[in-house]
Protein chains: 2
Amino acid sequence: MTIKEVAEKFDMTNDTLRYYEKVGLVGPVKKNSSGIRDYSEEDLKRIEFIKCMRSAGISIEVLKKYVDLYDEGENTKLERQQLLEEEQKKLEEKIKTMTDALEKLKFKIELYKTDKLDEYL
Amino acid sequence: MTIKEVAEKFDMTNDTLRYYEKVGLVGPVKKNSSGIRDYSEEDLKRIEFIKCMRSAGISIEVLKKYVDLYDEGENTKLERQQLLEEEQKKLEEKIKTMTDALEKLKFKIELYKTDKLDEYL
DNA sequence: TTATCACTTAGAGTCTAGTCTAAGTCAATA
DNA sequence: TATTGACTTAGACTAGACTCTAAGTGATAA
């Protein structure tokens, strides 16, 4: 699969894909005889995972660490699991924070709707 | 209330508070005879709101727009409400995205726990 | 054969949201 | 009185995550 196809499939830019490869999140992707990238199934799976985790706000740095541990082999399993559990915790907290903010936002909108807005901001 | 007290109260830095003032999110904050900031109750309420919305990922730019509309007066009420509703929608989508990612993360952790991890990454 | 187009690279530039620095003022304390 | 410490300013710097540019290669269309 070419970089263009991958970019379309996952709705991201070629630049981002090359950037992820440069920082070591994906690949190194195989190149054909003219030096053009040909993404493998495994590359695609990694990209999908990375994209999903990025959309949740997990940093490139953390993901890079996870990928590196993975590439180190079996003996890093526990450490990888712990890393994921740590991110799970952070993500749950973030969702909580955002849900609270959403409630406040909804409340404020309600004030606008019922024209009871006599407050600050 | 001094900048230091405000910063402590809301767990942010003096720099951030001055930055918010510089970009027009807060204030202009009253200064005493020696030029020291003295935050009013209204300033505090704005800061609390801003902080809450920032923690949900709403951009400075959007918040600035909202504050500006507010300062324009009554006749921007509808526009303000629409802006908030737009942000509500975005926030709900973001929470959904993050919740989905969280589920995937939990699933992966489960695979680690049950030692069924035979996949990619 | 020449031009077009998609790809390649290294590296520079951009955006957001702060964060830090340097130089200066003022009030209070040793 | 001298110095300490908290505050002030303008403006430079940073981190994270891309995003763009310039210069080049190679396959295909006119």
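A note on names: the letters A, B, ... follow the listed sequences, proteins ahead of strands, and every chain is numbered from 1. Excluded from the calculations below are hydrogen atoms, water molecules and symmetry mates; all remaining heavy atoms, backbone and side chain alike, are included.
- For Asp68(A), the salt bridge (charged side-chain N to carboxylate O under 4.0 Å, His left out) criterion is met by Lys64(A), not counting sequence neighbours.
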Report task. Please assess Asp15(A) against Lys4(A) for the test salt bridge (charged side-chain N to carboxylate O under 4.0 Å, His left out), listing each intermediate value before the final yes or no. Result -> CA-CA 10 Å; Asp15(A) 274 328; Lys4(A) 195 182 180 201; over 6 Å; no
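- Under the 3.5 Å distance criterion, the side-chain polar atoms of Glu5(A) are matched with a main-chain donor or acceptor of Thr2(A).
- Within the 4.5 Å cutoff, the side chain of Lys108(B) has heavy atoms near those of the Phe49(A) side chain.
- Taking atom CG of residue Asn32(A) and atom C1' of nucleotide dT25(D), one finds them 12 Å apart after rounding to whole Å.
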Report summary line: In 5'-to-3' order, the base (B), backbone-only (S) or no-contact (-) status of each nucleotide in nucleotides 4-20 of chain D, using a 4.0 angstrom heavy-atom cut-off, is ---SBB-B-----BBBB
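- In this structure, Asp38(A) has no side chain to side chain donor-acceptor pair (under 3.5 Å) partners at least two apart in sequence or on a different chain.
- Rounded to an integer number of Å, the gap from Leu63(B) CG to dG18(C) P is 10 Å.
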